[in-house]
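In what follows, a structure is listed as structure tokens, so that the remarks can point back to it.
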Amino acid sequence: MKRIFSGVQPTGNLHLGNYLGAIRNWARLQDEFECLFCIVDLHAITQWQDPKELAANTREVTAGLLAAGIDPKRNIIFNQSQVSGHAELAWIFNCVARLGWLNRMTQFKEKAGKHRENASVGLFAYPNLMAADILLYQATHVPVGEDQKQHLELTRDIAQKFNNDFETDLFPLVEPLIFGAATRVMSLRDGTKKMSKSEASDNSRINMTDDADAIATKIRKAKTDPDALPDNPADLEGRPEAANLMGLYAALTDESIDAVCARFGGEMFSTFKQQLADKAVSELVPIQDEMRRLMGEPALIDDVLGDGAERARDLSRPILEKIHDVVGFLRP
Ligand code: TYM
């Protein structure tokens, strides 16, 4: 049986990378699989979060998932801190994962930057909590963007070491599901950098809450190179901005990059950008309208999260009990 788990941090605006790299794929998987989607507020606090903003962002991200078409009845949508098993299993994994493994995590290096000594211990142990999120439910498949691949490899290492150490087959080796034409959406200001919530310039990303004008302006201002668009995808090599914008068009229209090159090859960026902006607006604006409506009903959102958390607790309870037995923890 396949069980899907994935998560998103409530640390500011959702952006087009989150949507195309992950959330839209989640909505597409829900017809086929049993899915859990988690707003990972415990992960968020590995870096300082204003408490009021954290609560507001948790609701906003939940509204984003619902507005993107994820059905809270068929799937389990919840915020991580409501299910204490995540933190509990993360502690066990803190004792399984090796310092050397975590030292290799590129995301920690990027986030901690030059101030490593000042980073929270939580930020360092972040991937252990992520492994706990997934394995608490014995999930088998994890739909994410490219940037989470290394963390999922670590999750496999942790599962394998736990299984070996305790001579069990309790934990599956999870498979990443990285698919679609936009597995790594890049910044609009620099095609070599990932589109991210933490990038200082707001023009570098398209937020899910940007209105049609803002989307069009950001795409118009997006960095390009002086050449015309290529008609052959191989010629996107060494042209990161062109590759990013054409990849976005392909993702938004569900076409292959070959088809996009065939259509726009030889054209100038200005014409193409106008069409890209139209596609982005027509995909995002209906989602935004629904998000706005849902944000006006916080009680409804809290009910979705509460109900999801209850179901997540029920699903995880017997698995956590088995984990306790395997580790040798006494329980009544
Ligand atoms: P987060 O909140 O940074 O991102 C949520 C999802 O969006 C994807 N994503 C992107 N995809 C394509 N291009 C981009 N520029 C881009 N930026 C973000 C991410 O790959 C992710 O799928 N550690 C995770 C959250 C997490 C999690 C988990 C995920 C916690 N526990 C368990 C899977 C399973 C994170 O910070 O995602």
Side-chain angles (χ1 to χ4, degrees), residues 3-27 29 35-47 49 57-58 60-62 64-65 68 70 76 78-81 83 86-87 89-90 93 105-108 110-111 122-123 125-137 139-156 158-159 174-199 204-208 240 243-244 247-248 251-252 312:
R3 181 176 286 166
I4 304 268
F5 184 99
S6 201
V8 54
Q9 293 199 60
T11 46
N13 283 324
L14 286 176
H15 55 69
L16 193 58
N18 298 130
Y19 178 64
L20 293 176
I23 295 168
R24 191 175 67 159
N25 289 347
W26 301 355
L29 288 163
C35 299
L36 295 104
F37 299 118
C38 187
I39 325 301
V40 294
D41 46 10
L42 297 176
H43 276 109
I45 63 161
T46 56
Q47 292 181 302
Q49 303 297 321
N57 286 336
T58 302
E60 186 172 292
V61 169
T62 309
L65 301 197
I70 300 174
I76 297 182
F78 68 110
N79 59 314
Q80 194 182 24
S81 59
V83 183
H86 290 252
L89 184 57
F93 288 167
M105 294 295 114
T106 51
Q107 193 153 307
F108 174 74
E110 279 163 24
K111 286 194 174 170
L123 188 66
Y126 178 113
N128 295 345
L129 177 59
M130 193 165 148
D133 296 340
I134 300 163
L135 296 174
L136 182 62
Y137 305 96
T140 55
H141 291 76
V142 184
V144 285
E146 220 22 85
D147 61 330
Q148 296 301 314
K149 213 168 158 184
Q150 194 186 32
H151 287 157
L152 295 184
E153 279 158 16
L154 186 92
T155 300
R156 289 167 70 96
I158 290 175
V174 298
E175 296 288 343
L177 294 177
I178 301 175
F179 62 96
T183 57
R184 190 172 174 81
V185 175
M186 308 309 273
S187 156
L188 298 179
R189 310 299 299 160
D190 177 351
T192 63
K193 275 200 200 152
K194 189 179 77 168
M195 184 179 284
S196 133
K197 297 171 202 175
S198 48
E199 175 69 42
S204 70
R205 64 186 157 260
I206 292 174
N207 301 305
M208 294 294 287
N244 189 38
L248 282 178
L252 287 165

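Whatever order the structure lists them in is the order used to number ligands and atoms, beginning at 1. The first residue in the sequence is number 1, and the count goes up from there. Since this is a predicted model, take the numbers as computed values, not measurements.
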**OP:** Tell me, please, which residues at least two apart from Asp147 pass salt bridge (charged side-chain N to carboxylate O under 4.0 Å, His left out).
**Re:** Lys194

**OP:** For Glu175, enumerate each residue passing the salt bridge (charged side-chain N to carboxylate O under 4.0 Å, His left out) test, keeping only those at least two apart in sequence or located in another chain.
**Re:** Arg156

Original post:
Can a donor-acceptor pair be found between the side chains of Thr106 and Gln150 at a distance below 3.5 Å?
Top reply: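 The answer is yes; a qualifying pair exists.
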
Subject >> Neighbouring protein residues of ligand 1 - any heavy atom closer than 4.0 Å >> reply: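 Its neighbours under 4.0 Å (heavy atoms only) are Phe5, Ser6, Gly7, Val8, Gln9, His15, Gly17, Asn18, Gly21, Ala22, Val40, His43, Tyr126, Met130, Asp133, Ile134, Val142, Val144, Gly145, Asp147, Gln148, Ala182, Thr183, Arg184, Val185, Lys194, Met195, Lys197, given by chain and number.
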
Subject >> Which residues share a ring pair (Phe, Tyr, Trp, His ring centres under 6.0 Å) with Tyr137, sequence neighbours left out >> reply: Phe5, His86

Original post:
Under a 4.5 Å cut-off applied to non-hydrogen side-chain atoms, are Leu29 and His141 in contact?
Top reply: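 Sidechains of His141 and Leu29: no contact.
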
Original post:
Is any side-chain heavy atom of Arg189 closer than 4.5 Å to a side-chain heavy atom of Glu199?
Top reply: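 They are not in side-chain contact.
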
